[in-house]
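None of these values were measured; they are calculated from a predicted model. Numbered from 1 within each chain, the chains take letters A, B, ... in sequence-line order.
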Amino acid sequence: MLDPHVFRDQLDITIQRLRDRYFEFDRSAWSALEIARRKAIQDLEGLKADRNKITDQIRSRKQAQENTSDLLEKQKASSENLAQCEKVMRDIESEWESFLSLIPNVPHVSVPLGQTSGNNQEIKTWGTPRVLDHPQDHIDLGVHLGILDLERATKITGSRFAVLKGAGAQLERALGAFMLDIHLKHGYSEVIPPYLVNPESMYGTGQLPKFENDLFKVPHGESHLYLIPTAEVPITNLYRDEILKETELPVRHCALTPCFRSEAGSYGKDTKGIIRQHQFHKVELVSFTREEDAPQELERLTENAENILEMLELPYRRMLLCTGDMGFSSHKTYDLEVWLPSQQTYREISSCSWFGTFQARRIGLKYRTSPPKGGNRHLHTLNGSALAIGRTWVAIIENGQQADGSIVLPKALVPYMGGLERITL
RNA sequence: GGAGAGUUGCCGGAGUGGCCGAACGGGUUCGCCUGCUAAGCGAAUGUUCAGGGUAAACCUGGACCGGGGGUUCGAAUCCCCCACUCUCCGCCA
């Protein structure tokens with residue numbers, strides 16, 4: 001949620017920045033809502049002020065043992081009016097809020113303009129992509145080695161689920177442990193959050209109200225819960241409605257969780273293999289910082305993610321997403337893309353974003369500035385995958401493939417694989 | 001799932017239906033004192049919305065004592081529903 005004040009003080013520039021990301025702000029609807037809201041507030045507060053005054057008079061008359069019946073009459077007479085105003089107020093307020101909640105974040109000035117991923121900007125590349133004459137994809141390699149079983153997963157659950165076996169399962173587990181260990185050294189504190197969250201949490205990070213179709217929804221009691229699509233949701237909501245101390249910032253957390261995505265809008269894409277699954281593991285980094293520290297925190301966090309790729313000897317590039325390709329809540333996003341020999345291209349393996357105060361505003365997340373400044377300000381939230389484990393698995397299998405179909409594992413991973421250097425038949 | 005006890009400001013903890021936005025204590029900040037520290041003394045210390053003033057300070061009004069309803073002229077205080085926490089019982093990995 002954007003600060004409503006920017007629609008009063010900096011309306012034109014904000015509209016332009018939203019247009020940059022292809023969101024058309026409905027100016028007249030907003031202005032109508034603003035006027036109606038202000039009037040409703042003033043009407044209601046005026047009535048309440050009157051009521052409070054009379055109540056005060058009743059009290060002092062009672063103390064003086066005087067007659068109060070005329071005041072009581074007056075008070076009763078206005079109560080209906082007040083109830084009416086309250087209803088108007090409630091309706092307007094919720095309309096006003098839902099209008100705001102559907103507006104995406106504005107892009108940072110450094111974000112390149114453009115509508116599609118073709119306009120993303122390459123910031124850097126690392127490593128030398130392997131170009132093979134006859135590359136096999138992770139499906140052929142995995143099935144052949146007996147470490148990946150898609151057919152049985154389909155039997156158990158359905159499409160877009162996988163079973164990992166033997167060294168494949170071990171590799172998945174090793175990757176999670178390896179990544180977490182590195183991020184502990186990077187200064188993140190590990191968290192294991194719930195994998196089911198309530199609707200408020202989903203609203204807080206911006207998945208709701210717009211993207212419910214992408215989520216798995218689970219009935220629970222009178223209400224329902226959602227399976228997390230990323231650890232971003234529970235971790236960012238950790239401090240909801242709290243005021244942190246400036247001295248304890250930045251707060252950095254990492255978490256390994258399963259992620260569940262319904263991917264309702266992606267039926268045609270990546271139908272084969274485990275690139276796009278309904279369930280996958282991911283190590284997520286989340287940072288909470290002051291405004292002035294946020295830009296460099298995004299760089300730091302992205303570098304922490306890149307560090308994993310480098311330690312795993314996987315060629316990648318860093319892309320700065322253009323305005324049209326950014327997520328709803330994002331202020332600025334870098335994607336890391338890993339080289340996949342079978343596709344002869346780079347594929348997304350991490351997304352690192354800075355949200356400004358967009359999420360903090362929805363979540364009620366602030367920090368208390370130290371005197372003499374004083375006062376509370378919204379925190380800046382950031383997060384990034386570091387990394388998506390399923391796709392890392394794919395990248396390791398494909399990049400490590402040998403002519404004989406075996407997989408040479410990155411050196412950094414060997415200790416986590418019980419000394420195993422190569423996956424063979 | 002059953003029974004009971006709770007939920008108040010940064011923290012602890014009072015609060016008879018009416019100057020209670022909330023006693024008291026602690027913490028924190030500022031000042032005084034002090035060779036330094038501690039102690040002591042004095043003062044300050046909520047959020048948010050609307051309006052006025054705007055560089056700010058500030059002023060006026062509304063709301064907020066877990067959340068939502070209700071009773072009442074008036075609710076932190078009474079009633080109902082819900083959530084959460086704690087203790088005991090049951091069940092369970």
Nearest to the [X] side chain among [options], which nucleotide is it?
{"X": "A/Arg38", "options": "B/C73, B/U47, B/A50", "result": "B/A50"}
{"X": "A/Arg37", "options": "B/G69, B/C73, B/C49", "result": "B/C49"}
{"X": "A/His5", "options": "B/G51, B/C49, B/C73", "result": "B/C49"}
{"X": "A/Thr55", "options": "B/A50, B/C73, B/G69", "result": "B/C73"}
{"X": "A/Ala49", "options": "B/C10, B/G61, B/C73", "result": "B/G61"}

Touch check for [X], heavy atoms < 4.0 angstrom, all strands: base, sugar-phosphate only, or nothing?
{"X": "A/Leu71", "value": "nothing"}
{"X": "A/Lys74", "value": "nothing"}
{"X": "A/Glu45", "value": "base"}
{"X": "A/Ile54", "value": "nothing"}
{"X": "A/Lys366", "value": "sugar-phosphate"}
{"X": "A/Arg8", "value": "sugar-phosphate"}

> For A/Phe358 and A/Phe328, what are the C-alpha separation, side-chain angles and deciding distance, and is it a ring pair (Phe, Tyr, Trp, His ring centres under 6.0 Å)?
Replying inline: CA-CA 10 Å; A/Phe358 191 87; A/Phe328 177 77; 5.7 Å; yes

> In which ranges does RNA chain B form stems of 3 or more consecutive Watson-Crick or G-U pairs, distances under 3.5 Å?
Replying inline: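 Output for stems: B:1-7 with B:83-89, B:10-12 with B:24-26, B:27-32 with B:40-45, B:46-52 with B:58-64, B:66-70 with B:78-82.
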
Does a donor on one side chain and an acceptor on the other come within less than 3.5 Å for [X] and [Y]?
{"X": "A/Thr333", "Y": "A/Ser330", "answer": "yes"}
{"X": "A/Gln207", "Y": "A/Glu212", "answer": "no"}
{"X": "A/Thr230", "Y": "A/Lys282", "answer": "yes"}

> In whole Å, what separates the P atom of B/C81 from that of B/G2?
Replying inline: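 Comparing P positions in B/C81 and B/G2 gives a spacing of 14 Å.
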
Pairs of donor and acceptor atoms involving the side chains of residues 164-178 of chain A, under 3.5 Å and at least two apart or interchain, shall be tabulated with distances.
| unit_1 | atom_1 | unit_2 | atom_2 | d |
| --- | --- | --- | --- | --- |
| A/Lys165 | NZ | A/Asp149 | OD2 | 3.3 |
| A/Gln170 | NE2 | A/Met417 | O | 3.3 |
| A/Glu172 | OE2 | A/His281 | ND1 | 2.8 |

>> I need the CG-C1' distance between A/Asn52 and B/U72, as an integer number of Å.
In response: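 Rounded to whole Å, this separation is 14 Å.
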
> Using 30° and 60° as the class limits, which term best fits the ring planes of A/His183 and A/His186: parallel, tilted or perpendicular?
Replying inline: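 The rings of A/His183 and A/His186 sit tilted, inter-plane angle from 30° to 60°.
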
